[in-house]
Amino acid sequence: MPDLSNTPSLGANRERAALIVGIDSRIGRALAADLQQRGITVHGTSRKTQNLSESVSLLDLGAAPPDIPYERFAHVVICAGMTNIDACEDNQTLCQEVNISATIALIDRCLARGCFVVFPSSNAVFDGTRPFNRHDDAPDPKSMYGRAKLAVENHMTGASQSKTAVVRFTKVMPPDGGIVEKWRSDAAQGKPITVYEDKLFSPISMENTVRALHLVMSREQPGIFQAGGEREITYSDFARQVFAHEPDILKLLRPVPEPPGKPYFNRHNSLITHLPD
């Protein structure tokens with residue numbers, strides 16, 4: 001494990017240091033780059049040994065916790081965990097262990113060391129039957145992924161309301177990778193591109209996702225916050241817009257209804273944005 005003993009000490013430099021758990025996730029990487037540009041010292045964790053460095057420590061939520069000096073960090077942002085909804089549904093025991101038990105134990109360790117903990121959550125805490133849920137609407141998750149997010153939310157708001165913040169997001173769209181790149185990859189191989197014609201989502205850019213996280217970190221205002229796109233659109237209409245000037249790819253689009261046998265898929269993905277002043 002990389003030695004973190006040279007990270008900023010408590011005192012004047014502590015507010016300039018942040019720890020991103022899961023720094024090699026898409027959100028983790030983007031947030032790290034943004035914070036570093038702002039002059040904030042960033043350290044991270046990864047469960048992949050090939051990604052370790054002097055500033056990235058080993059942490060696998062499914063294994064024994066390492067001895068990380070959490071007290072050296074003013075803020076801890078938890079970007080690690082199982083993120084695939086189907087995988088969480090198919091492996092509910094593992095999801096329970098990683099996304100709930102281990103995550104809550106990590107949060108408690110950070111709170112005990114005086115850190116302000118930020119937890120990126122999801123619109124999946126709602127049942128998706130109506131659009132644009134408010135931050136104070138009653139959650140009702142349909143998926144194991146959503147239930148796990150809600151369990152952590154409930155623990156955070158009850159554990160130490162002055163030192164925790166939840167930020168729910170809709171579908172985060174990275175500038176590279178993600179669903180659009182998968183569609184392009186399929187098109188390059190001449191494969192048909194399956195897109196849902198009745199499932200809506202409310203995409204938010206990675207840039208706005210990172211801005212929301214930084215705002216919550218800088219304000220240190222406890223509570224539940226949300227950030228999402230301003231409109232909903234079906235996946236099929238979104239794909240038509242993305243490839244509007246690429247007729248060869250448009251020909252490969254295959255609009256289909258939401259797949260049967262997956263009642264845990266939310267029809268609506270949108271949230272009313274609610275962030276600190």
Side-chain angles (χ1 to χ4, degrees), residues 22 24-34 79 81-91 120-133 141-146 149 167-213 226-273:
D24 46 8
S25 65
R26 285 198 176 100
I27 292 178
R29 290 195 303 270
L31 179 61
D34 178 82
C79 297
M82 294 176 63
T83 59
N84 184 284
I85 292 181
D86 283 328
C88 288
E89 210 68 28
D90 295 339
N91 302 277
S121 188
S122 168
N123 66 282
V125 299
F126 298 110
D127 64 10
T129 57
R130 65 186 182 90
F132 294 103
N133 282 106
K142 295 193 300 184
S143 65
M144 182 62 205
Y145 175 76
K149 286 291 189 182
V167 193
R168 297 170 180 153
F169 292 106
T170 57
K171 180 73 171 178
V172 178
M173 302 296 288
D176 55 359
I179 190 170
V180 174
E181 285 307 305
K182 181 183 182 305
W183 289 341
R184 288 194 179 280
S185 176
D186 288 344
Q189 301 173 61
K191 295 180 180 179
I193 301 171
T194 300
V195 287
Y196 297 134
E197 61 185 358
D198 58 351
K199 180 174 169 55
L200 297 131
F201 77 128
S202 179
I204 179 174
S205 69
M206 182 63 77
E207 181 180 11
N208 285 336
T209 298
V210 167
R211 283 177 178 171
L213 287 171
Q226 299 186 157
E230 296 182 352
R231 66 189 182 110
E232 280 194 327
I233 187 171
T234 65
Y235 279 84
S236 56
D237 285 344
F238 178 75
R240 292 187 187 100
Q241 290 183 10
V242 169
F243 303 119
H245 303 294
E246 301 178 69
D248 289 343
I249 296 182
L250 285 176
K251 293 176 183 177
L252 294 172
L253 297 183
R254 299 291 185 272
V256 298
E258 185 176 323
K262 295 188 177 182
Y264 50 89
F265 271 27
N266 282 7
R267 172 170 169 73
H268 294 281
N269 172 265
S270 52
L271 298 169
I272 292 179
T273 294

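The figures that follow rest on heavy atoms only: side chains count, while hydrogens, waters and symmetry mates do not. Numbering starts at 1 and runs along the sequence shown.
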Nearest-0.5 Å distance that lies between atom CG in D90 and atom CE in M82: 9.0 Å

With the side chain counted from C-beta on, respond yes when P175 and M206 share a heavy-atom pair under 4.5 Å apart, and no when they do not. yes

So, for A124 and P141, which heavy atoms are closest and what is the spacing to 0.1 Å? O-CB, 3.4 Å

Quick test of your reading: applying side-chain hydrogen bond (donor to acceptor under 3.5 Å, both in side chains), list the pairs with at least one residue in residues 248-257, sequence neighbours left out, ordered by first then second residue. none

For E181, check side-chain contact (heavy atoms from CB on, under 4.5 Å) against everything at least two apart and list the hits. R184

Donor-acceptor check, side chain of K199 to backbone of Y235, threshold 3.5 angstrom: yes or no? no

Are side-chain heavy atoms of M173 and F238 found at a separation under 4.5 Å? yes

Can a donor-acceptor pair be found, under 3.5 Å and without considering hydrogens, that links the side chain of E232 to the backbone of N269? yes

With P255 via side-chain contact (heavy atoms from CB on, under 4.5 Å) - residues at least two apart: V195, E197, S236, R240

When you compare the side chain of T129 with that of R267, does any pair of heavy atoms fall below 4.5 Å? no

I204 meets the side-chain contact (heavy atoms from CB on, under 4.5 Å) criterion, sequence neighbours left out, with F169, T170, V172, N208, T209, A227

Any side-chain heavy-atom pair from S270 and L200 closer than 4.5 angstrom? no

Side-chain donor-acceptor pair under 3.5 Å between N84 and Y145, yes or no? no

Enter the distance from N266:CG to S122:OG here, rounded to the nearest 0.5 Å. 8.0 Å

Taking the side chain as everything from C-beta on, heavy atoms only, tell me whether L213 gets closer than 4.5 Å to I27. yes

Contacts of F132 that satisfy ring-ring contact (aromatic ring centres under 6.0 Å, His included) - sequence neighbours left out: none

pair F265-D86: side-chain heavy atoms closer than 4.5 Å: yes

Determine yes or no for a side-chain-to-main-chain donor-acceptor pair under 3.5 angstrom, with Q226 supplying the side chain and R168 the backbone. no

Taking all atoms of both residues into account, what is the closest heavy-atom pair of S143 and I85, and its distance? CB-CG2, 4.3 Å

So which heavy atom on L250 is nearest to which on A244, and how close? CD1-O, 3.8 Å

Report yes or no: does K191 contribute a side-chain atom to a donor-acceptor pair with the main-chain N or O of W183 at less than 3.5 Å? no

Not counting sequence neighbours, which residues clear side-chain hydrogen bond (donor to acceptor under 3.5 Å, both in side chains) with S202? List them please. none

Enter the distance from I233:CD1 to Q241:CD here, rounded to the nearest 0.5 Å. 3.5 Å

Nearest 0.5 Å, please: how far is OG in S205 from CZ in R211? 7.0 Å

Short question: side chain of N133, backbone of N123 - any donor-acceptor pair under 3.5 Å? no

